Enquirer: 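First the structure, which I've put down as structure tokens, then a few questions once you've had a look.
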Amino acid sequence: MDCQNCKIIKNIKNFTKIDYTIALVGNPNVGKSTLFNFLTGMNVKVGNWPGKTVTKIEGFFEFKVNQEKFVFKIIDLPGVYSIFSFTPEEEITRNFLFLGSYNIAIIILDATNLEKSLVLAFQVFEVTNKVILALNLVDEAKRKGIIIDVEKLQEKLKVPIIPIIAQTGYNVDNLIYKALSIIKGEIKVNPNKYTPPPELEKIIQDIQKEITEYYPEIKNHPFLRWIILRILEGDKIIIEMIKNKNLKTVEEKIKNKPILPIL
Ligand SMILES: Nc1nc2c(ncn2[C@@H]2O[C@H](COP(=O)(O)OP(=O)(O)O)[C@@H](O)[C@H]2O)c(=O)[nH]1
Ligand SMILES: [Mg+2]
């Protein structure tokens, strides 16, 4: 359903409170900064080379719907192909998604490179249910003759998908409208998760048993399963965190990361 009475107001100043926070996630070059600039009126550099955004950047906009208005903070996270912590970009993005404070993550998919986009999306689904998918570059896909069955993909992933053109702002109001419905709990999202083969499942269960015996406080952690998958991959930060029996070390690290706009 399209929003009849939605309006994005950029360049806002003198607001007294922030209602909701959006995190923008996606591969490099999928249009994250373009969408960020469209929404905020800021002019974060748009580049067509990877690693342009190496730190997280934040901005604000207002969203009016009927008589209501909401102030949104939006965070342009560094572009990544995965959220293991092998590169500084992956570390910033992963730590924010894992422990940062946000109401929804907009995962931007490149309609001309869907497979690569979905690899990342599935990883994000493991750490949070607070997600919506923005299918960007649909103009470019159309030019290339790429046809995507959005309805079918949406059904398979169990996450709403909104086609947009970040460059022109096409359908961005509907993206924010849908994101707001998810934030408010009017639409429930429960993404389809990765199901490991039985041999791997057995290993996961064994590790889970061992870890919860060593560090009982972690037993009810909402991302315990994700933590175990990262350990299996040899993720040094997560392993260290478990060894120290302390999630706080990672939280501190996030707090100390600078948030600087690259203008
Ligand atoms: N044709 C088209 N180009 C876009 C669209 N969104 C972004 N771009 C272009 O894609 C390139 C990468 O965009 P950018 O915002 O820097 O991507 P980021 O690395 O994800 O932040 C830039 O040249 C943009 O102008 C879109 O919807 N359509
Ligand atoms: Mg960027």
Side-chain angles (χ1 to χ4, degrees), residues 2 6 8 10-11 21-61 72-83 86-97 100 102 104-124 131-148 150 153 160-179 257-263:
D2 282 0
C6 289
I8 292 159
K10 42 193 98 182
N11 292 313
T21 300
I22 294 175
L24 286 181
V25 196
N27 295 159
N29 278 320
V30 297
K32 293 179 301 300
S33 299
T34 307
L35 179 62
F36 177 88
N37 288 343
F38 177 82
L39 286 165
T40 61
M42 280 169 75
N43 191 19
V44 164
K45 276 220 178 80
V46 172
N48 53 358
W49 61 90
K52 186 76 205 161
T53 309
V54 289
T55 183
K56 52 187 199 301
I57 294 168
E58 58 179 44
F60 303 88
F61 68 94
F72 278 88
K73 172 158 132 180
I74 181 159
I75 296 168
D76 184 14
L77 291 168
V80 289
Y81 292 104
S82 73
I83 46 169
F86 296 148
T87 66
E89 288 85 0
E90 285 176 5
E91 200 185 323
I92 295 172
T93 298
R94 198 277 297 280
N95 285 354
F96 187 82
L97 288 173
Y102 58 98
I104 197 158
I106 297 182
I107 307 173
I108 305 193
L109 308 176
D110 177 350
T112 70
N113 202 345
L114 200 53
E115 261 184 70
K116 225 176 205 171
S117 295
L118 288 175
V119 169
L120 175 67
F122 270 108
Q123 292 185 15
V124 178
V131 287
I132 184 165
L133 297 168
L135 183 65
N136 192 34
L137 289 133
V138 289
D139 55 335
E140 198 59 29
K142 196 174 171 193
R143 248 193 301 279
K144 291 186 172 167
I146 298 166
I147 298 159
I148 296 166
V150 175
L153 188 60
I161 304 174
I162 312 292
I164 61 163
I165 304 171
Q167 217 171 35
T168 62
Y170 163 78
N171 224 18
V172 172
D173 52 351
N174 282 323
L175 171 67
I176 303 302
Y177 181 59
K178 190 73 118 192
K257 283 258 189 254
I259 303 177
L260 296 171
I262 305 172
L263 297 167

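Both ligands and their constituent atoms are indexed starting at 1 by order of listing. One-based numbering along the sequence shown. Here the structure is a predicted model, which means the values were calculated and not measured.
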Enquirer: Short list, please: which atoms of ligand 1 are under 4.0 Å from a heavy atom of V30?
Expert: 17 (O), 18 (P), 20 (O)
Enquirer: Are I176 and F61 side-chain neighbours, meaning at least one heavy-atom pair lies under 4.5 Å?
Expert: yes
Enquirer: List for me each residue that meets side chain to side chain donor-acceptor pair (under 3.5 Å) alongside T112, sequence neighbours excluded, and say none if there are none.
Expert: D110
Enquirer: Please confirm whether the backbone N or O of K116 pairs with a side-chain atom of Y81, one donor and one acceptor, at under 3.5 Å?
Expert: no
Enquirer: Just heavy atoms, cut-off under 4.0 Å: does N136 contact ligand 1 by side chain, backbone, both, or neither?
Expert: side chain
Enquirer: For ligand 1, which is the ligand I care about here, please tell me if A166 has any N or O atom under 3.5 Å from one of the ligand's N or O atoms.
Expert: yes
Enquirer: State, with a plain yes or no, whether a side-chain heavy atom of I108 is found less than 4.5 Å away from one of N136.
Expert: yes
Enquirer: Closer than 3.5 angstrom, by distance alone: can the side chain of Q123 be matched with the main-chain N or O of I83 as a donor-acceptor pair?
Expert: yes
Enquirer: Between P28 and ligand 1, which part of the residue brings a heavy atom under 4.0 Å of the ligand: side chain, backbone, both or neither?
Expert: backbone
Enquirer: Test of understanding: given a 4.0 Å heavy-atom threshold, classify the contact between L137 and ligand 1 as side chain, backbone, both, or neither.
Expert: both
Enquirer: Should one rank E140, K142, R143, Q167 by closest heavy-atom distance to atom 8 (N) of ligand 1, which comes out on top?
Expert: Q167
Enquirer: With only distance considered, is S33 within less than 3.5 Å of ligand 1 through an N or O on each side?
Expert: yes
Enquirer: Using distance alone, decide if ligand 1 has a nitrogen or oxygen within less than 3.5 Å of any nitrogen or oxygen in I165.
Expert: no
Enquirer: Report yes or no: does T34 have an N/O/S atom closer than 2.8 Å to the Mg ion (ligand 2)?
Expert: no
Enquirer: Donor-acceptor pair, distance only, cut-off 3.5 Å: does the side chain of K10 make one with the backbone of F38?
Expert: yes
Enquirer: Can you tell me if T21 uses its side chain to pair, donor with acceptor, with the backbone of K73 under 3.5 Å?
Expert: no
